[in-house]
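For reference, the structure discussed in these notes is given below.
When a residue number appears, it is its place in the shown sequence, counting from 1.
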Amino acid sequence: MTAFGLAQTVYGLALALASGLTIATVGALTQRRGSTSARTDVTSTVGSMLAVARVSTVALVTLVVLTGTMLVVVLEGSTARLLAAAYAGLVLSCAVVPWYQVVTGVLQVAGRESTALKISVCSVAASLALAAGARSLTDDPTVLVLVVGATTSICKLLGALVSRRAARDLVDWQGAGHVARGALRDDLRRTVRRLPRAVAPSLDVIPLMTTFAVATAVASTVSEEVGATTATVIALLRTVIVPLKAFGVVAGRLTRVCSPSPAAEVRESARIVGVLLCLSVTTGVAVVLFREPVAVALGLPLHLGPAVVAVAGAQLVLEAVTGVGNTMLKVLVAPTALLAEITVVMWGLAVPALVVVAATGPSAGLVWGVLLGARCVFAVLVVRAWWRWSRTSRPGTA
């Protein structure tokens, strides 16, 4: 359904942008081995992040509503009506997500990633169950997309409340709320200025998602079948890459906690990425070798799917570096680490290459060749950034 797909795309981008608040919270609270923070200090830091989250909520809801309004105006008839219904259900979720991301960051710093994961899984399962229940009661598409959006928002809100309760021994939430209100009341301008840095760790999703959108559009000019295959495999890659980014946040936090010095952080991060590289190479090679069964499982056409799946498998080989390694650098070095590099690679190289492909005769092979080439270039830049960081982290270097 076009309308629901558009609403979910914008919603997904909003969620991805808000995810930077988790990384920012982890970075603000994480200490090296031997360092401790009193509960009052943690509460103050979390309150400051909640102030930024509230500003983020206003910006996020405004962005989603304006984007939805423009799409409703551009579209016509039932598609516009369905899009409006989908947005109506999802807006509440956008208001909750920034706060939820801060709480998730607190749980990760406390080593309670499993708690955050359980809450997230239960939230998704409840949302799916409620949506399935609505499907058994009505076939009206407008009601269905409204119910799906509303159940997503409600489950997100409940998940945030449960997460907050799970962290009540770590943070004085009433005190944190007082700090947040004081920051917004006494120095709103400074809090607003902190927003770009807080969401900076997730800004790389913009060049990534826009490049994927361009790739899908170019593939669609070949045929609807090629476009659908490309969109399906990109969605599959995202289901693998997104959890790897979350793993990178946790790995970065643990590296900082367990390392007594910057040089030790470099060694530990190299060890983690090295171990994961063995796993990503094994996974990627397995996908390449079993590309036909994977294509069948995804319902892709056999004359096209296996070749696309093989290229996707080659990309998975790099994800220990481009996914986990990249995200760890955001925690250990700077929230904006490699943002310029991925922007140049995607917008400066991949998108122009896709435009050339579209103008000279597009094919699935060329589209995926561009995507794989761009990922390879970015992997080299991640290794280069890590090498520079390792040199500045050596004793006696500045």
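The CE atom of Met209 sits 10.5 Å away from the CD1 atom of Ile234 when rounded to the nearest 0.5 Å. Interatomic distance, Thr343 OG1 to Leu208 CG, rounded to the nearest 0.5 Å: 9.0 Å. Taken to the nearest 0.5 Å, the CZ atom of Arg375 stands 5.5 Å off from the CE atom of Met346. In this structure, Leu277 CG and Thr282 OG1 are separated by 9.0 Å, a value rounded to the nearest 0.5 Å. With rounding to the nearest 0.5 angstrom, the CG atom of Leu338 is 9.5 Å from the CZ atom of Arg384. Here the CG-CZ distance, from Leu195 to Arg190, works out to 13.5 Å after rounding to the nearest 0.5 Å.
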| Verdict with reasoning, Asn326 to Phe378, per side-chain contact (heavy atoms from CB on, under 4.5 Å) | CA-CA 10 Å; Asn326 172 31; Phe378 183 60; 3.8 Å; yes
| field | Stepwise side-chain contact (heavy atoms from CB on, under 4.5 Å) test for Leu237 and Leu316 | value | CA-CA 8 Å; Leu237 285 175; Leu316 289 177; 3.8 Å; yes
| task | For side-chain contact (heavy atoms from CB on, under 4.5 Å), just list the numbers for Trp386 and Met328, CA-CA rounded to whole Å, side-chain angles, deciding distance to a tenth of an Å, and then say yes or no. | result | CA-CA 10 Å; Trp386 181 90; Met328 288 184 70; over 6 Å; no
| request: Using the side-chain contact (heavy atoms from CB on, under 4.5 Å) rule, take Leu161 and Arg165 through it: C-alpha gap first, then chi angles, then the decisive distance, then the call. | output: CA-CA 6 Å; Leu161 291 173; Arg165 180 175 177 80; over 6 Å; no
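Summarising the geometry of Gly305 relative to Leu300, their closest heavy-atom pair is CA-CB, 3.8 Å, with the distance given to 0.1 Å. Contact between Gln101 and Thr22 at its shortest, heavy atoms only, is OE1-OG1, 2.5 Å. In this structure, Val26 and Gly105 approach most closely via the heavy-atom pair CG2-O, 3.9 Å. In plain terms, the two heavy atoms of Val226 and Ala219 that are nearest each other are CG1-O, 3.5 Å. Taking each heavy atom of Ala364 and Leu304 in turn, the nearest pair found is CB-CD1, 3.6 Å. Shown here for Val273 and Ala320, the closest heavy-atom pair between the two residues is CG1-O, 3.8 Å.
Remark: side-chain polar atoms of Ser48 are not paired, donor with acceptor, to backbone N or O of Ser44 under 3.5 angstrom. A donor-acceptor pair is defined here as one N or O able to donate and one able to accept, closer than 3.5 Å; no such pair exists between the side chain of Thr45 and the backbone of Leu29. The backbone N or O of Glu265 lies less than 3.5 Å from no partner atom in the side chain of Arg256, so there is not a single donor-acceptor pair. Here the side chain of Trp173 pairs a donor or acceptor atom with the backbone of Arg164 at under 3.5 angstrom. No side-chain donor-acceptor contact under 3.5 Å links Ser56 to the backbone of Val52. Between the Ser153 side chain and the Ser93 main chain, a donor and an acceptor come within less than 3.5 Å of each other. In this structure a side-chain-to-backbone donor-acceptor pair under 3.5 Å is present from Ser390 to Trp387.
Cluster membership check: Leu60 does not share its hydrophobic cluster with Leu50, using side-chain heavy-atom separations under 4.5 Å among Ile, Leu, Val, Met, Phe, Trp and Tyr. Leu318 and Trp368 end up in different hydrophobic clusters when Ile, Leu, Val, Met, Phe, Trp and Tyr side chains are linked at under 4.5 Å. By the criterion of side-chain heavy atoms lying less than 4.5 angstrom apart, applied directly or through intervening Ile, Leu, Val, Met, Phe, Trp or Tyr residues, Val317 is not grouped with Val288; the two fall into different hydrophobic clusters. If you chain together hydrophobic residues whose side chains sit under 4.5 Å apart, Val383 and Val281 fall into the same group. The hydrophobic clustering, which links ILVMFWY residues whose side-chain heavy atoms are closer than 4.5 Å, places Ile342 and Val380 apart.
Here the side chains of Glu292 and Val296 are not in contact, with every heavy-atom distance at 4.5 Å or above. By the 4.5 Å heavy-atom criterion applied to side chains, Glu319 and Thr283 are not counted as neighbours. Between Ile119 and Tyr100 the shortest side-chain heavy-atom distance falls below 4.5 Å. Put simply, the side chain of Val55 reaches to within 4.5 Å of the side chain of Leu184, judged on heavy atoms. When side chains are defined from C-beta on, Leu354 counts as touching Thr211, because their heavy atoms get closer than 4.5 Å. Thr210 has its side chain out of reach of Val351: every pair of non-hydrogen atoms, C-beta onward, lies at least 4.5 Å apart. Side-chain contact between Arg112 and Leu170: present, with at least one pair of heavy atoms (C-beta onward) separated by less than 4.5 Å. The side-chain heavy atoms of Val367 and Val308, taken from C-beta on, include no pair separated by under 4.5 Å.
Among Val102, Leu107, Val106, the one residue that satisfies the side-chain contact (heavy atoms from CB on, under 4.5 Å) test with Ser163 is Leu107. Partner of Thr216 under the side-chain contact (heavy atoms from CB on, under 4.5 Å) criterion, chosen from Val233, Thr229, Thr230: Thr230. Each of Val222, Val356, Val357, Thr360 was scored for a side-chain contact (heavy atoms from CB on, under 4.5 Å) with Leu366, with one residue passing: Val357.
If you check the side chains of Thr57 and Trp99, you find no donor sitting under 3.5 Å from an acceptor.
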